[in-house]
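Written below as structure tokens is the structure these notes are about.
So that the names make sense, note that chain A is the first sequence line, chain B the second, and so on, each numbered from 1.
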Amino acid sequence: MKDEILKVIKESVDSLEFPGIPTGTEFEVSVPKRKEFGDFSTNTALVIGSMTGENPREVAKRIVAAIEKRQSTFIEKLDIAGPGFINFFVNKTLFESELREILRLGGQYGASREGSGQKVLVEFVSANPTGYLHFGHARNAVVGDSVCRILSFCGYEVTREFYINDAGRQMDMLGESVYSALARLSGLAREIPEDGYHGEYISELAGEIRESEECPEVPGDEPEAVEFCREFAYSKLLEEIKTDLLDLRVDFDNWYSERTKIHGRGAAKGKIGETLARLEDIDAVEEKEEACWFKASLYGDGKDWVIIKKDGAPTYFLSDIAYHMDKYSRGFSWIINVWGADHHSHVSRLKSSMKALGLDESSLQVLLMQFVRLVRDGVEVPMSKRTGDFVTLREVLREVGCDATRFFLLMRSSDSHLDFDLSLAKKESSENPVYYVQYANARISSLLRNSAEAGVGASEEHLGLLSDDEERNIVKILLRFPDVVHSAAESLSPHKVVYYLQELAAGFHFYYNKTRILDSEDANTASARLYLARCVQVVIENGLGLLGINAPRSM
RNA sequence: GUCCCCGUAGCUCAGUUGGAUAGAGCGCAGGAUUCCUAAUCCUGAGGCCGCAGGUUCGAAUCCUGCCGGGGACGCCA
């Protein structure tokens, strides 16, 4: 629909042959908030005016004359307003055809092919398998997941990946910690290392090991027992992570193990070795202070970074370079990482490494998530992983449910700090915005059920009877949905969908309270109104689907 | 000290690729249902868009400086 407006504008502008306007200059067509500004509005004259130096209102007059000359059937009236906006008032048959289009497309309304043929990799969560997921991980998980859903909807071929940091010191610490707990259970005086893991789950894991048949002898061959503890805890915790994520409706295509895919067997083998060799080939590394450094400062980062430590072990950064080289080699045209804001300094150094390796660092995009504060009754709930005193994702899910959890985590822009109000999320009342949107959907379902009983059905036959301002307003909100999806995909911002749905629900609730739908003046009007309601439902369902939130048919 | 994010209504935040009279929810004060789900709706009060300059037809939006809040700057991951 907007495309048709845009087409008319472009043809008219072309016919006027403005000097100095390159072909392909983009003009904006938007749906104005105020109805006196028409159904559609364009800034075309302002854009041209600023390029040619002409008065925008004069330009607008010429464009309007050109458009009128074309005698489009669907344009009822044109206005020039403000500094030079051209406002379109369209024939309502255009709205009717839009409604028919929505039901025809159904679950595909709002979807597009704009990402067609493009492979996207979205890596998110990637929590260390050294403990349960805490609530801080939840935002990353939900936003990453929703971004994937949105991109898929836009035609991208999306791969969801969880990078398992199962190599490195933290895994050894996990083994040490569990082993220490096991030793204590066996009556030995043994403390969990200071920088180890101290949560209750460590003792629980030790307890499980003790119950198992393969439990190593303690005391006995300690390194072997530590390794057993490490592997036992790892596989168990990874399963728990998967379980929690599924409960949050987050699923992955790949569980990418750093240990097996990056490190390989033996020293300096696998992708780590390859990567180091590549970096050496291009002279991007140097030996300094008994360590090996990547010269990131040559490639746009502020400083150099160690990639092989004094003790000969690779740093996390080197594995990360290797991992991202691998991402590129798998043929993705868009690589998205969802990271916590505390990783922000890694962004430029990782990009600098890709640049050094001759890869296009602009196709790597990092979505940084600002922190979540958990609040209960106005008081912050402390979340510290160090002391083991953190709120797990599991606890929150159990307390407030998946829908509310996801909704609240998706409500804010990623680069805004987020206060998650536990008491509010739990409330099943009007203060809670989750239900607001779901309720609109449930109401429509109820209408459709009742109408079936009454023998009236949604029908497109009499859409011409829709004439109220509220009805027109709803249609205008509905036809913005594809734009919202596009914009959410482009800026990786699921919260735009959340805001949109709240607006749509508000439009419907208002309408519902004001207008009797089933008891309309006549059956034809009722069928048209039901059709409109059905369209609203389609869009709500599609929108909630992008957020991974259920759209219950009754509440 | 360097870098990143934020600063908009009492609170939590949208709006930030420059556009028309800056929005929503919550909270507060009033009100609406003989009838389709009141988890709803309506009305009202509430704003130097952190401050100061600059850019221009036009700035919450872009630039510079400053102030305030958060985060990152380890041979940890």
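Counting to the nearest Å, the C1' atom of B:A38 and the CZ atom of A:Arg443 are 7 Å from each other. A:Tyr500 has its OH atom 17 Å from the P atom of B:G25, to the nearest Å. Note: NE2 (A:His509) to P (B:G25) measures 12 Å, nearest angstrom. Put simply, CZ on A:Phe408 is 11 Å from P on B:C26, counting in whole angstrom units. Rounded to whole Å, the distance from CG on A:Asn337 to C1' on B:A77 is 15 Å. Taking atom CG of residue A:Asp421 and atom P of nucleotide B:G27, one finds them 11 Å apart after rounding to whole Å. Protein atom CZ of A:Phe162 is 13 Å distant from nucleotide atom C1' of B:A77, rounded to whole Å. If you take CD1 of A:Ile307 and C1' of B:G74, they are 16 Å apart, rounded to a whole angstrom.
Here the separation of B:G7 from B:G15, taken at their P atoms, is 10 Å to the nearest Å. Between B:G18 and B:U56, the two C1' atoms lie 10 Å apart (nearest whole Å). For the P atoms, the distance linking B:C66 with B:C3 amounts to 11 Å, nearest Å. Comparing the C1' positions of B:C4 and B:A20 gives an interatomic distance of 34 Å, to the nearest angstrom. A gap of 23 Å separates the C1' atoms of B:G30 and B:G23, to the nearest Å. Atom P of B:A59 sits at a distance of 14 Å from the matching atom of B:G53, rounded to the whole Å. Distance noted for atom C1' between B:C5 and B:U16: 14 Å (whole Å). Taking the C1' atom of each, B:G31 and B:A45 are spaced 15 Å apart, rounded to whole Å.
Which of B:C73, B:U40, B:C75 sits closest to the side chain of A:Lys310 comes down to B:C75. When each of B:C5, B:U37, B:G71 is scored by its nearest atom to the side-chain atoms of A:Gln370, the top-ranked nucleotide is B:C5. Of the candidate nucleotides B:C73, B:U40, B:A77, B:A77 has the atom nearest to the side chain of A:Thr315. Among B:C35, B:U37, B:C75, the nucleotide with an atom closest to any side-chain atom of A:Ala291 is B:C75. Ranking B:C36, B:G74, B:C41 by closeness to the A:Phe510 side chain, first place goes to B:C41. Ranking B:C36, B:G71, B:A77 by closeness to the A:Asn450 side chain, first place goes to B:C36.
A:Phe37 and A:Phe85 have their aromatic ring centers separated by at least 6.0 angstrom. Ring centers of A:Tyr531 and A:His462: at least 6.0 Å apart, outside the cut-off. Within the 6.0 Å centre-distance limit, the rings of A:His509 and A:Tyr439 are counted as a close aromatic pair.
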task: Go along nucleotides 13-23 of chain B 5' to 3' and tag each nucleotide: B for a protein heavy atom under 4.0 Å from its base, S when only backbone or sugar atoms are that close, - otherwise.
output: SSS---BBB-S

field: Worked check of side chain to side chain donor-acceptor pair (under 3.5 Å) between A:Thr515 and A:Glu470
entry: CA-CA 9 Å; A:Thr515 310; A:Glu470 292 77 32; 5.0 Å; no

A:Tyr256 vs A:Asp326, side chain to side chain donor-acceptor pair (under 3.5 Å): CA-CA, chis, key distance, verdict: CA-CA 11 Å; A:Tyr256 192 102; A:Asp326 178 62; 2.6 Å; yes

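Phosphate proximity of B:G74 to A:Lys303: present, with a side-chain N or O under 4.0 Å from OP1 or OP2. At the phosphate of B:C75, neither OP1 nor OP2 sits under 4.0 Å from any side-chain N or O atom of A:Lys288. Residue A:Lys514 places none of its side-chain N or O atoms closer than 4.0 Å to OP1 or OP2 of B:C36. The shortest distance between the side-chain N/O atoms of A:Ser345 and the OP1/OP2 oxygens of B:A72 is not below 4.0 Å.
Nearest-nucleotide positions on RNA chain B place A:Leu424 closer to the 5' end than the other of A:Tyr439 and A:Leu424. The residue among A:Glu289 and A:Leu368 whose nearest nucleotide of RNA chain B lies closer to the 5′ end is A:Leu368.
Side-chain contact, A:Glu114 with A:Ser112: a donor N or O sits under 3.5 Å from an acceptor N or O. Of the N and O atoms on the side chains of A:Asn337 and A:His343, not one donor lies less than 3.5 Å from an acceptor on the other residue.
Across all strands shown, B:C51 is found opposite B:G65 as a Watson-Crick or G-U wobble partner, with both distances under 3.5 Å. In this structure, B:C73 and B:G1 make a Watson-Crick or G-U wobble pair, each of the two defining distances being under 3.5 angstrom. Nucleotide B:A32 is matched to B:U40 when pairs are restricted to Watson-Crick or G-U wobble geometry with both distances under 3.5 angstrom. The partner of B:C13 is B:G23, by the rule that a Watson-Crick or G-U pair needs both atom distances under 3.5 Å. With a 3.5 Å ceiling on both atom-pair distances, B:A45 lacks any Watson-Crick or G-U wobble partner.
At most 12 non-hydrogen atoms from other residues, nucleotides or ligands lie less than 6.0 angstrom from CD of A:Glu290.
Within 4.0 Å (heavy atoms only), A:Arg529 reaches no atom of the nucleic acid at all. Across all strands, A:Phe317 comes closer than 4.0 Å to no nucleic acid atom at all (heavy-atom distances). Within the 4.0 angstrom heavy-atom criterion, base atoms lie near A:Thr515. Residue contacts shown for A:Arg449 include a base, since a base heavy atom lies under 4.0 Å away. Counting any heavy atom pair closer than 4.0 Å across all strands shown, A:Ser554 reaches a base atom.
Ring planes of A:His134 and A:His137: tilted class, angle from 30 to 60°.
Taking a cutoff of 4.0 Å between a charged side-chain nitrogen and a carboxylate oxygen, A:Asp320 and A:Arg349 do not qualify as a salt bridge. Classification of A:Glu123 and A:Lys327 as a salt-bridged pair holds, one side-chain N sitting under 4.0 Å from a carboxylate O.
Contact of A:His344 with B:C3 (side chain to base): a donor-acceptor pair of N or O atoms is detected under 3.5 Å.
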